[in-house]
Amino acid sequence: MLKKIYKFVIGPYSLILLYLMFLGMGRVQYEDNVVRMEPVLSTIWYIKETILWKDIIMIVLGNVIMFIPFGFLGWIFPGLNNLKSLLFSFLSAITIVEAFQYFTRMGIFEVDDIILNTFGVYLGWLMRKLLEDKFNHLTL
C-alpha cells in the first residue's frame with residue numbers, strides 16, 4: 001500500500017520541488033551566473049552570515065529533508081535498489097538541475113547543495129531499508 005501511494009505522489013512531488021528550485025521562495029534571476037565550488041565552506045559562510053535560525057534551518061536542513069523521498073526510488077525502479085546505482089543516478093540528475101540553475105541564472109550552482117541533497121537521498125535509502133527490514137512480512 002505504501003509503495004502504491006509513493007508511486008502516485010513522487011511525480012507531482014518532483015515537479016513541486018523543481019518549481020521551488022527555479023521559481024519558488026521569491027527567486028529572481030541573478031545578473032551573473034554564480035558557481036560556488038568550495039564544499040562545506042559556503043554553507044558555513046551562510047550560517048555565519050544569516051541572522052535568523054529559521055532561515056538557516058529552512059535552507060540547510062531543507063536541502064537534506066526535501067530529498068529524502070528520492071531514497072525510495074527503488075520501489076519504482078528496481079535498478080535503484082542498490083545504493084551505488086541510486087547515488088550515481090541521483091548525482092547525475094542533481095548536477096544537471098544545478099547546471100540548469102546556473103545557465104538560467106535562476107539559482108546558483110552550489111557543490112554544497114549537491115552534497116546536502118545527496119545526503120538526503122542516502123537518508124531516504126536507509127529509511128527504506130529499515131522499513132523493508134522491519135516490515136518484510138507485510139506489503140508496503
Side-chain angles (χ1 to χ4, degrees):
M1 176 68 162
L2 192 56
K3 288 181 182 181
K4 288 180 183 180
I5 293 170
Y6 178 80
K7 289 177 183 180
F8 180 73
V9 170
I10 194 64
Y13 180 81
S14 299
L15 293 175
I16 291 167
L17 194 55
L18 284 169
Y19 169 80
L20 291 173
M21 292 175 78
F22 286 93
L23 303 170
M25 301 176 2
R27 283 197 193 265
V28 294
Q29 193 170 34
Y30 288 87
E31 289 185 31
D32 297 316
N33 298 68
V34 181
V35 176
R36 292 194 181 135
M37 298 294 288
E38 300 168 324
V40 183
L41 296 178
S42 63
T43 298
I44 292 170
W45 174 86
Y46 177 79
I47 291 170
K48 284 182 179 179
E49 297 298 316
T50 302
I51 296 169
L52 299 174
W53 276 100
K54 180 188 114 196
D55 293 339
I56 293 169
I57 291 168
M58 190 170 86
I59 298 298
V60 177
L61 286 183
N63 270 317
V64 174
I65 294 169
M66 296 292 285
F67 288 86
I68 288 174
F70 296 103
F72 291 76
L73 282 172
W75 283 354
I76 299 173
F77 305 105
L80 299 180
N81 278 325
N82 175 293
L83 180 60
K84 188 185 262 187
S85 299
L86 175 65
L87 291 181
F88 178 78
S89 297
F90 180 77
L91 280 168
S92 300
I94 198 63
T95 300
I96 290 168
V97 170
E98 289 286 326
F100 276 132
Q101 283 185 320
Y102 170 81
F103 289 118
T104 62
R105 296 191 323 262
M106 293 304 290
I108 299 170
F109 185 101
E110 288 190 81
V111 172
D112 279 7
D113 283 355
I114 294 171
I115 293 168
L116 292 169
N117 299 164
T118 304
F119 183 64
V121 171
Y122 174 68
L123 289 177
W125 182 84
L126 287 176
M127 292 169 139
R128 183 180 65 92
K129 285 295 190 190
L130 287 171
L131 276 172
E132 290 174 350
D133 290 347
K134 187 165 179 85
F135 301 107
N136 63 2
H137 62 285
L138 301 174
T139 303
L140 293 174

Peer 1: Would you say that more than 12 heavy atoms from the other residues, nucleotides or ligands in this model lie under 6.0 Å from the OH of Tyr13, or not?
Peer 2: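 Check passes, neighbour count above 12.
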Peer 1: Assigning hydrophobic clusters by single linkage (Ile, Leu, Val, Met, Phe, Trp, Tyr; side-chain heavy-atom cutoff under 4.5 Å), is Leu15 placed with Val97?
Peer 2: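 Each belongs to a different hydrophobic cluster.
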Peer 1: Considering residues at least two apart in sequence or located in another chain, which fulfil the side chain to side chain contact (heavy atoms under 4.5 Å, CB included) criterion with Ser89?
Peer 2: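 For Ser89, the residues satisfying side chain to side chain contact (heavy atoms under 4.5 Å, CB included) (neighbours in sequence not counted) are Leu80.
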Peer 1: Can you tell me if Phe100 has over 12 outside heavy atoms packed within less than 6.0 Å of its CZ?
Peer 2: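 Open.
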Peer 1: Indicate yes or no: at least one non-hydrogen side-chain atom of Phe8 is less than 4.5 angstrom from one of Lys3.
Peer 2: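 SC-SC contact between Phe8 and Lys3 ruled out.
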Peer 1: What are the two closest heavy atoms between Trp125 and Asn82, and how far apart are they?
Peer 2: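 Looking at all heavy atoms of both residues, the closest pair is NE1-C, 4.3 Å.
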Peer 1: With no hydrogens and no angle check, is any side-chain donor or acceptor of Gln101 less than 3.5 Å from a backbone partner on Met21?
Peer 2: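 It does hold such a pair.
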Peer 1: Are the side chain of Glu98 and the backbone N or O of Glu110 linked by a donor-acceptor pair below 3.5 Å?
Peer 2: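 Yes, Glu98 side chain to Glu110 backbone: donor-acceptor pair under 3.5 Å.
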Peer 1: Evaluate the side-chain proximity of Tyr102 to Ile108: yes if any heavy-atom separation is below 4.5 Å, no if none is.
Peer 2: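 Side chain of Ile108 against side chain of Tyr102, heavy atoms only: no contact under 4.5 Å found.
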Peer 1: Report yes if the side chains of Phe90 and Phe67 come closer than 4.5 Å at any heavy-atom pair, otherwise no.
Peer 2: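 They are in side-chain contact.
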Peer 1: Is there a donor-acceptor pair closer than 3.5 Å between any side-chain N or O of Asn63 and the backbone N or O of Asn117?
Peer 2: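 The answer is no, because no donor-acceptor pair under 3.5 Å joins these two groups.
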Peer 1: Would you say Arg128 and Trp75 make side-chain contact, with heavy atoms under 4.5 Å?
Peer 2: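 Yes, side chains in contact.
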Peer 1: Mind checking what makes ring-ring contact (aromatic ring centres under 6.0 Å, His included) contact with Tyr122, not counting sequence neighbours?
Peer 2: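 Listed in chain order: nothing, the list is empty.
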Peer 1: Strictly distance-based, threshold 3.5 Å: is any side-chain N or O of Asn81 a donor or acceptor partner for the main-chain N or O of Pro78?
Peer 2: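 Answer holds: yes.
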